[in-house]
Amino acid sequence: MQRRVLAMLALALLLAAVPTAAQAKGASAANISGGGPGGLPGGPIDIKGDGEPGSGSDLAYLADATGMWALLFEDGQPGNLDAAPVPAATRGPRYTITWTFPNGSGTEDKVRQSVWPYAAGGPITYLAAGQKVLDTRTEGGWFRAADNLRRSLITLGLPDRPALTAKAPAPAAPTPAPAAAPAPSPAVWPWVAAGLGLLVVAAAVALARRRSPGGVGAS
């Protein structure tokens, strides 16, 4: 009888510890704010529930779609990028998701993640390094999300906007051709020809006079 009681007590303690461990890994709430001047039209959005990965809740789906688990528990694989995927000019408004993680000691850790839902080419997120969560700190990184994150956030209350379009690079200016030397005006050529003709005639007359018996130079 005593052995049975001890076995049941050990099983009860084991079952009691399982939910605590699961809860320690998943978020219990998320708050979405930001979006530029004035913030969200209806104010910040609060989501609560079981954020354990694979639980199927809205909270767990949002964490997966934003790359939270890829950046937090999978060492950035897949999706952790060293630099921003798109320039700041094509990211659109930035929102902040503040995640709440029960840490098992009776308190909660807050982790903030930046989200650009309307970025050109698909939403991107950024998790800053050094944030305390559970028994570690975030490594941080960029994450390129799928467009279903934008649609999901719109369903939760973000403005219904399409993704931005990437700006095409400006075409290079054509290289100007070297300027050709200006050709003489056609009206000049007749005058040049007439002048040459007069010189030839004058030279012939002078030569003829020189050779004539009564011309200049006769002895």
Side-chain angles (χ1 to χ4, degrees), residues 10-35 39-40 43-88 91-119 121-153 155-158:
L11 180 60
L13 292 174
L14 178 62
L15 292 176
V18 170
T20 303
Q23 189 181 34
K25 184 176 181 181
S28 62
N31 175 275
I32 306 174
S33 61
L40 289 164
I45 301 170
D46 291 310
I47 307 171
K48 296 182 179 181
D50 180 9
E52 178 71 13
S55 67
S57 67
D58 291 341
L59 188 61
Y61 175 80
L62 181 63
D64 183 63
T66 59
M68 171 58 71
W69 305 134
L71 296 172
L72 197 61
F73 296 121
E74 299 176 18
D75 297 327
Q77 298 296 330
N80 190 3
L81 306 173
D82 293 333
V86 296
R91 294 179 201 170
R94 182 188 66 163
Y95 296 84
T96 299
I97 301 180
T98 302
W99 302 92
T100 299
F101 288 90
N103 54 27
S105 61
T107 59
E108 299 172 331
D109 296 328
K110 302 288 186 179
V111 176
R112 290 171 176 80
Q113 183 181 27
S114 297
V115 181
W116 292 265
Y118 311 106
I124 57 174
T125 71
Y126 178 74
L127 187 68
Q131 301 183 72
K132 181 181 179 302
V133 55
L134 305 180
D135 57 350
T136 185
R137 290 188 179 274
T138 58
E139 294 291 336
W142 291 92
F143 183 86
R144 166 72 81 178
D147 191 60
N148 57 6
L149 173 60
R150 178 183 64 87
R151 297 193 296 267
S152 297
L153 291 172
T155 302
L156 291 173
L158 265 65

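The shortest side-chain heavy-atom distance between Ser152 and Leu62 does not fall under the 4.5 Å cut-off. The shortest distance between side-chain heavy atoms of Val115 and Ile124 does not fall below 4.5 Å. Two residues are said to be in side-chain contact when any heavy atoms from C-beta on lie closer than 4.5 Å; Leu156 and Asp58 fail this criterion. When side chains are defined from C-beta on, Leu127 does not count as touching Phe143, because their heavy atoms never get closer than 4.5 Å. Looking at heavy atoms from C-beta onward, Thr125 lies out of side-chain contact with Trp116 at the 4.5 angstrom threshold. Counting heavy atoms from C-beta outward, Thr138 and Val111 have side chains that approach closer than 4.5 Å. Counting heavy atoms from C-beta outward, Ile97 and Asn31 have side chains that stay 4.5 Å or more apart. In this structure the side chain of Leu59 never reaches within 4.5 angstrom of the side chain of Glu52, judged on heavy atoms.
With sequence neighbours excluded, no residue forms a ring pair (Phe, Tyr, Trp, His ring centres under 6.0 Å) with Trp99. Lys48 pairs by the salt bridge (charged side-chain N to carboxylate O under 4.0 Å, His left out) definition with nothing, not counting sequence neighbours. Applying the side chain to side chain contact (heavy atoms under 4.5 Å, CB included) test to Ser105 and every residue at least two apart in sequence or in another chain returns Asn103, Thr107. Applying the side chain to side chain contact (heavy atoms under 4.5 Å, CB included) criterion to Thr96, with sequence neighbours excluded, gives Ser33, Thr98, Arg112. Asn148 pairs by the side chain to side chain contact (heavy atoms under 4.5 Å, CB included) definition with Tyr61, Ala146, Arg151, not counting sequence neighbours. With sequence neighbours left out, the side chain to side chain contact (heavy atoms under 4.5 Å, CB included) criterion links Pro87 to Thr90.
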Practice task
Might you work through the side chain to side chain contact (heavy atoms under 4.5 Å, CB included) test for Gln113 and Leu71, ending with a clear yes or no?
Solution key: CA-CA 10 Å; Gln113 183 181 27; Leu71 296 172; 4.2 Å; yes
Practice task
List the steps and the verdict of side chain to side chain contact (heavy atoms under 4.5 Å, CB included) for Tyr118 and Arg150.
Solution key: CA-CA 7 Å; Tyr118 311 106; Arg150 178 183 64 87; 3.9 Å; yes
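Trp142 approaches Pro85 most closely through the heavy-atom pair CE3-CD, 4.0 Å. Residue Gly26 comes nearest to Pro102 through the heavy atom pair O-CD, 3.9 Å, listed as atom of the first residue, atom of the second, then distance. Across all non-hydrogen atoms, the minimal contact from Ile45 to Gly157 is CD1-CA, 3.8 Å. Counting all heavy atoms, side chain and backbone alike, Pro117 lies closest to Pro123 at O-CG, 3.4 Å.
A distance of 10.0 Å separates CD in Gln131 from CZ in Phe101, rounded to the nearest 0.5 Å. In this structure, Asp50 CG and Ser57 OG are separated by 5.5 Å, a value rounded to the nearest 0.5 Å. Rounding to the nearest 0.5 Å gives a distance of 6.5 Å between CD1 of Ile32 and CG of Leu158.
Put simply, the side chain of Arg144 gets close to the backbone of Gly122: a donor and an acceptor are under 3.5 Å apart. Side-chain N or O atoms of Thr100 include none that pairs as donor or acceptor with a backbone N or O of Lys110 at under 3.5 Å.
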